[in-house]
Amino acid sequence: MSIFKKSEEKQQNATIEEFREMINSVHLPNHVRQIADKEVDMLSRMSPSTAEYTIGLTYIDYLVSLPWNKRTADNLDLGRASKILNERHHGLHDVKERILEHLAVKILVINRKPRVLVVDDEEIARRNLEHILTKEDYSVTTAANGVEAIGKLESSDFDIVLTDLKMEKISGIDILEKTKAKYPNTQVVMITAYASVDTAIEAIKLGAFHYIAKPFKLEEVRTTVKQALDKKLSTVSAKGSILCFAGPPGTGKTSLGKSVAEALGRKFSRIALGGMKDEAEIRGHRRTYAGAMPGRIIEEIRRAGSSNPVMMLDEADKIGQDFKGDPSSALLEVLDPEQNCSFIDHYLDVPFDLSNVMFIVTANIADNIQEPLRDRMEIIEFSGYSEDEKINIALQHLVPKQVREQGLSDYAPGFTSTAISRIIHEYTREAGTRNLERQIATICRKIATEFVHHKESIRNIEVTPEFVERFLGPRKYYLEVAGEKDRVGVATGLVWTEAGGDIIFIEAARMKGKRELMLTGSLGNVMRESAQAALSHIRSNAALFDIPADFFENHDIHIHVPAGAIPKDGPSAGATIAVALISLLSGRPARRDVAVSGEITLSGRILPVGGITEKVLAARRAGVKTVVLPLKNKVDVENLPPDVTKGLGVLLADTVEEIIGKVLTK
Ligand code: ADP
């Protein structure tokens with residue numbers, strides 16, 4: 001028994017020793033090192049057979065494996081970045097431009113002459129410092145006392161403040177606090193006589209970068225200021241507003257994020273916020289919790305192996321709906337440059353500096369992101385693609401990628417653009433290119449298997465429209481608008497959903513009843529209210545539309561929007577509902593190939609709506625010939641790229657009356 005115990009003890013000692021060596025071998029920041037040492041000491045006194053012992057070992061292992069001080073150097077070559085973005089992505093000019101601007105601002109901040117404020121009440125010291133630093137090509141400003149210094153800090157910002165510690169009235173500590181309160185990134189270096197080194201150390205605890213003892217050595221001043229500047233720049237280059245890519249699925253948000261990482265020479269990682277149910281998934285579980293694990297943020301940092309990756313937080317508009325705990329507080333902290341330098345994961349329980357991470361958030365609809373979070377972000381809109389764009393993206397990017405991935409590089413089949421066009425029309429119905437890519441992948445796979453099985457040559461294959469049908473089977477989608485007759489009481493509308501724009505058909509029917517308005521088809525509250533408004537407007541203006549004034553007497557009206565499983569909401573169906581009703585009540589059929597979108601007021605005016613590009617693209621996908629949009633969206637309409645509106649009539653209307661003239665047949 002005792003022999004057994006002895007060998008167990010020996011084993012434990014060996015393990016503890018191994019851990020101490022591991023801690024020694026990596027460069028940990030002081031506060032982390034202290035915790036690691038303390039944990040190992042505790043474990044050395046613990047029985048290895050306890051669960052806590054194993055948990056403790058796992059924890060230390062984790063702590064040591066994090067890239068506390070590791071970071072990749074940023075590549076700030078704008079030309080190279082632009083080349084990478086253009087090579088990887090077709091189109092998206094505005095988006096690319098905004099990203100390059102974002103990088104340019106960082107480069108500008110980093111490349112300008114660094115500004116230093118020297119504060120010392122001793123003239124000789126002040127002049128000396130000014131001389132040394134000016135020679136190092138800094139732009140130097142001096143102040144002879146605290147009051148003067150504070151005045152200068154008020155009127156402009158500095159990268160570095162070099163301040164004497166002991167001064168009358170306003171001390172170096174006061175200046176440190178003032179500076180840090182106003183410019184948290186500015187680094188403050190204390191100058192001190194030997195006698196006050198203790199106070200200087202105190203100042204470091206308060207946030208000073210370092211101290212220089214008087215009489216100072218030239219070299220020490222140079223290196224300390226240089227290091228302080230590096231620190232300031234490293235935080236600045238990582239900071240700046242957080243980018244939010246918003247748009248329908250498959251429009252290139254994720255792949256562009258990856259390219260940004262590549263352009264900057266940073267690691268890339270991605271966290272899906274969409275499926276998250278618990279705050280602990282972001283922040284981790286406390287170690288006392290059985291099976292505790294770190295949160296996804298820290299785990300992704302560890303996986304990336306550097307503390308400054310580009311981290312994509314996907315689907316920020318999908319959190320909060322079924323989330324346990326307080327998601328906003330956790331995410332707000334992660335995304336707040338003021339707070340995220342000391343992000344605490346519950347499992348780690350030691351602050352980790354996230355301020356060097358470049359966060360890119362994605363969402364389908366930016367408006368659905370919680371407001372405090374949205375306020376932190378610079379929103380960049382991605383819209384759906386026109387058919388021409390999809391064909392280009394497919395031929396230049398998706399086909400080569402799938403040919404590679406399906407192992408066909410040596411026998412690369414050629415796709416004709418008519419084949420791609422057929423896939424787009426008959427096998428996909430989407431704003432982005434996800435399904436298009438999937439269908440291309442299927443074709444490539446089938447080419448590989450079919451031809452390998454039948455030992456036929458797979459060289460020089462050209463995928464034509466006939467091939468598409470052979471490989472993908474019967475068509476999946478038809479133009480919703482074509483081949484159907486114009487009907488009384490059925491109007492075509494356009495809505496904006498998370499997946500991009502979509503076409504809807506609103507149906508209205510009237511029957512004997514008790515003046516009730518029935519609404520069916522998974523309609524949200526806003527859409528129900530629009531229907532009420534449309535009905536009231538028509539009732540109060542019946543004569544205007546050639547409708548008998550008493551049409552509602554002893555009748556019910558039923559409005560239905562088919563595809564009932566899909567929840568629909570938003571004000572932009574108001575005008576379409578009005579068209580369906582007026583068509584029904586006046587007996588004039590509504591043109592099926594004219595689609596309407598607009599919010600309606602009680603007085604019959606048409607208010608502007610969002611998602612114009614998405615709606616127009618959806619109209620074209622469905623085979624609509626003409627769209628009628630609010631006059632107040634004129635600017636959006638004028639800004640539509642020509643290939644989005646190609647072959648489509650776009651009309652503007654300011655009132656229900658104007659719309660009716662364009663949609664109802666005589
Ligand atoms: P999202 O993140 O918006 O859902 P993805 O980035 O996953 O979209 O894009 C889906 C696919 O389409 C990827 O293979 C991507 O490379 C491709 N893609 C989308 N837009 C473009 C584009 N403009 N140029 C090249 N490829 C694109």
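Every number for a ligand or one of its atoms is a count from 1 in the order of the listing.
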Looking only at heavy atoms of [X], does any of them come nearer than 4.0 Å to an atom of ligand 1?
| X | result |
| --- | --- |
| P249 | yes |
| K401 | yes |
| E389 | no |
| Y385 | yes |
| T362 | no |

Part of H397 within contact of ligand 1 (heavy atoms, under 4.0 Å): side chain
I'd like to check which ligand 1 atoms, numbered from 1 as shown, lie under 4.0 Å from a non-hydrogen atom of [X].
| X | value |
| --- | --- |
| T251 | 1 (P), 3 (O), 8 (O), 19 (C), 20 (N) |
| T433 | 11 (C), 12 (O), 17 (C), 18 (N), 19 (C) |
| R434 | 1 (P), 4 (O) |
| L92 | 23 (N) |
| H89 | 22 (C), 24 (N), 25 (C) |

Rounded to the nearest 0.5 Å, what separation is found between the NZ atom of K646 and the CZ atom of R620? 6.5 Å
Take atom CZ of R374 as the centre, draw a 6.0 Å sphere, and report whether it contains more than 12 heavy atoms from other residues, nucleotides or ligands. yes
Consider every N or O of G250 and every N or O of ligand 1, then say whether any pair is closer than 3.5 Å. yes
Using distance alone, determine whether T254 and ligand 1 share an N or O pair under 3.5 Å. yes
Can you sort out the partners of E426 under side chain to side chain contact (heavy atoms under 4.5 Å, CB included), two or more places apart, ordered by chain and number? R422, R475
Mind checking whether F352 and W68 have parallel, tilted or perpendicular rings, split at 30° and 60°? tilted
Among side-chain atoms of [X] and [Y], is any donor-acceptor pair under 3.5 angstrom?
| X | Y | value |
| --- | --- | --- |
| S530 | E599 | no |
| Y62 | E299 | yes |
| D636 | N639 | no |
| T72 | N308 | yes |

Tell me, which protein residue and heavy-atom name are nearest [atom], and how many Å apart are they?
| atom | value |
| --- | --- |
| atom 15 (C) of ligand 1 | S255 OG, 3.4 Å |
| atom 3 (O) of ligand 1 | K253 NZ, 2.7 Å |
| atom 23 (N) of ligand 1 | H90 O, 2.8 Å |
| atom 11 (C) of ligand 1 | E437 OE1, 3.2 Å |
| atom 27 (C) of ligand 1 | I393 CG2, 3.7 Å |

E466: what forms a salt bridge (charged side-chain N to carboxylate O under 4.0 Å, His left out) with it, not counting sequence neighbours? none
Which of these, A394, A431, G252, has its nearest heavy atom closest to atom 8 (O) of ligand 1? G252
Between L617 and Y385, is the side-chain contact (heavy atoms from CB on, under 4.5 Å) condition met? List the steps. CA-CA 7 Å; L617 287 170; Y385 295 117; 5.9 Å; no
With a 4.0 Å cut-off, would you call E262 and R88 a salt bridge? yes
Cation-pi check, R592 onto F505 ring (under 6.0 Å, within 45° of axis): yes
